[in-house]
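To start, the structure under review is shown below, and the notes come after it.
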Protein chains: 2
Amino acid sequence: MADPHEVERCDAARNRALLLDAAAMLVAERGADAVTMDAVAAKAGVGKGTVFRRFGSRSGLMQALLDHTETELQHAFMFGPPPLGPGADPVDRLVAYGRARLSMVEVQGDVLRAVETAPELRFGGPARNVGLTHTVTLLTAADTHGDLRLLAISLLAPLEASLVLHQVRSLHIPIDRIADSWEDLVRRVTRAP
Amino acid sequence: MADPHEVERCDAARNRALLLDAAAMLVAERGADAVTMDAVAAKAGVGKGTVFRRFGSRSGLMQALLDHTETELQHAFMFGPPPLGPGADPVDRLVAYGRARLSMVEVQGDVLRAVETAPELRFGGPARNVGLTHTVTLLTAADTHGDLRLLAISLLAPLEASLVLHQVRSLHIPIDRIADSWEDLVRRVTRAP
């Protein structure tokens with residue numbers, strides 16, 4: 001017989017994933033502003049109370065939605081196919097990582113903007129640390145020398161959502177041009193002296 | 001005889017500079033939180049009404065204080081002595097510019113944090129555009145090829161105040177190490193292939 005606590009935990013996880021999928025669909029269909037607790041409850045076919053119990057507030061829901069995307073990206077670079085995943089040249093992997101982050105910003109842009117985050121959270125969150133460590137690992141594998149932690153911070157700075165959204169929306173720079181420019185930056189930085 | 005309007009304009013400018021100096025001294029002595037309209041008025045020896053008439057609000061005063069520092073930096077790289085000013089090698093000038101920006105963040109950090117700015121203002125302000133143009137000019141002079149506008153945006157991204165303050169205050173990274181790392185980045189990017 002299944003442990004009832006185990007069943008409960010599974011139900012909770014399934015419930016949570018269901019609500020996050022509903023929220024992600026709402027963002028895709030009508031933008032982040034359309035994501036209210038009511039709309040998510042209606043979309044997922046549950047009561048509003050369930051959404052509040054699960055996420056606390058709209059801001060909590062938005063944060064969870066971002067974590068969900070970050071987790072998918074982490075999974076892709078740790079276990080997915082190359083060039084993002086293991087097996088490709090480290091510089092190509094780094095380029096693929098940057099491109100993946102940029103397309104994430106494009107898709108999640110409204111969510112990112114909707115979440116009010118303190119600088120501590122914006123720069124110090126666990127997702128960011130995983131990205132930094134991944135970048136340092138790839139720079140090391142590419143035989144790049146120097147103060148790699150700070151170099152990684154500098155390389156990831158241009159991928160920050162608010163800056164990318166400013167370029168896309170206010171300066172009308174196509175996301176592909178931003179990605180190409182970032183690839184150029186990475187190749188310059190990692191090429192042998 | 002002096003034009004009375006001219007005299008009035010000069011008085012206004014002097015008055016404004018006096019108030020900004022008083023505010024800057026307060027920041028240096030006691031941090032940005034100590035900069036209230038009352039404190040600035042007291043420090044400059046004028047009535048509180050004068051400070052409100054000149055800057056509208058505390059946030060307006062803070063913005064003016066930042067503009068004042070940006071103007072000084074612009075003056076230094078346009079007309080000042082090398083390596084920041086004209087006459088030095090373009091890469092050395094770019095390195096000097098980054099170091100000047102970083103020390104500005106260190107001094108003005110509390111002010112930067114105290115000003116509530118929208119991303120449009122943070123990334124799209126006139127001061128930022130001057131800095132970008134200056135960077136593109138130096139990259140061109142250094143015979144660097146590519147999408148220089150976007151490369152300049154990427155190079156300046158790690159100098160953004162909120163990121164630098166996070167590194168200094170939360171990660172306890174010395175500002176000199178950040179400056180050295182930025183110099184390394186610039187030299188990698190600009191070196192011939």
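Lettering of chains follows the sequences in order, A, B, ..., and the numbering in each one begins at 1.
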Open item on the list: Apply side chain to side chain contact (heavy atoms under 4.5 Å, CB included) to residues L150(B) and Q167(A) and explain how you reach the verdict.
Closed with: CA-CA 9 Å; L150(B) 289 208; Q167(A) 288 173 276; 3.8 Å; yes

Open item on the list: Please say yes or no: joined through hydrophobic side-chain contacts below 4.5 Å, possibly via intermediate residues, are M25(A) and L61(A) part of one cluster?
Closed with: no

- [ ] Is it possible for you to say whether M62(B) and L18(B) belong to one hydrophobic cluster, with membership spreading through side-chain heavy-atom contacts below 4.5 Å?
- [x] no

Could you report the tightest heavy-atom contact between [X] and [Y], atom names first, then the distance?
{"X": "R188(A)", "Y": "R191(B)", "result": "O-NH2, 4.1 Å"}
{"X": "S154(A)", "Y": "P158(B)", "result": "OG-CB, 3.5 Å"}
{"X": "L151(A)", "Y": "S181(B)", "result": "N-OG, 3.9 Å"}

Task: Sub-4.5 Å side-chain heavy-atom contact between D184(A) and D147(B) - done: no

TODO: Give the member of A157(A), G146(A), A192(A) that has the highest number of heavy-atom pairs under 4.5 Å with chain B.
DONE: A157(A)

TODO: Could you tell me which portion of R177(B) (side chain, backbone, both or neither) has an atom closer than 4.5 angstrom to a non-hydrogen atom of chain A?
DONE: both

- [ ] Tell me, for I173(B) versus chain A, whether the close heavy atoms (under 4.5 Å) come from the side chain, the backbone, both or neither.
- [x] side chain

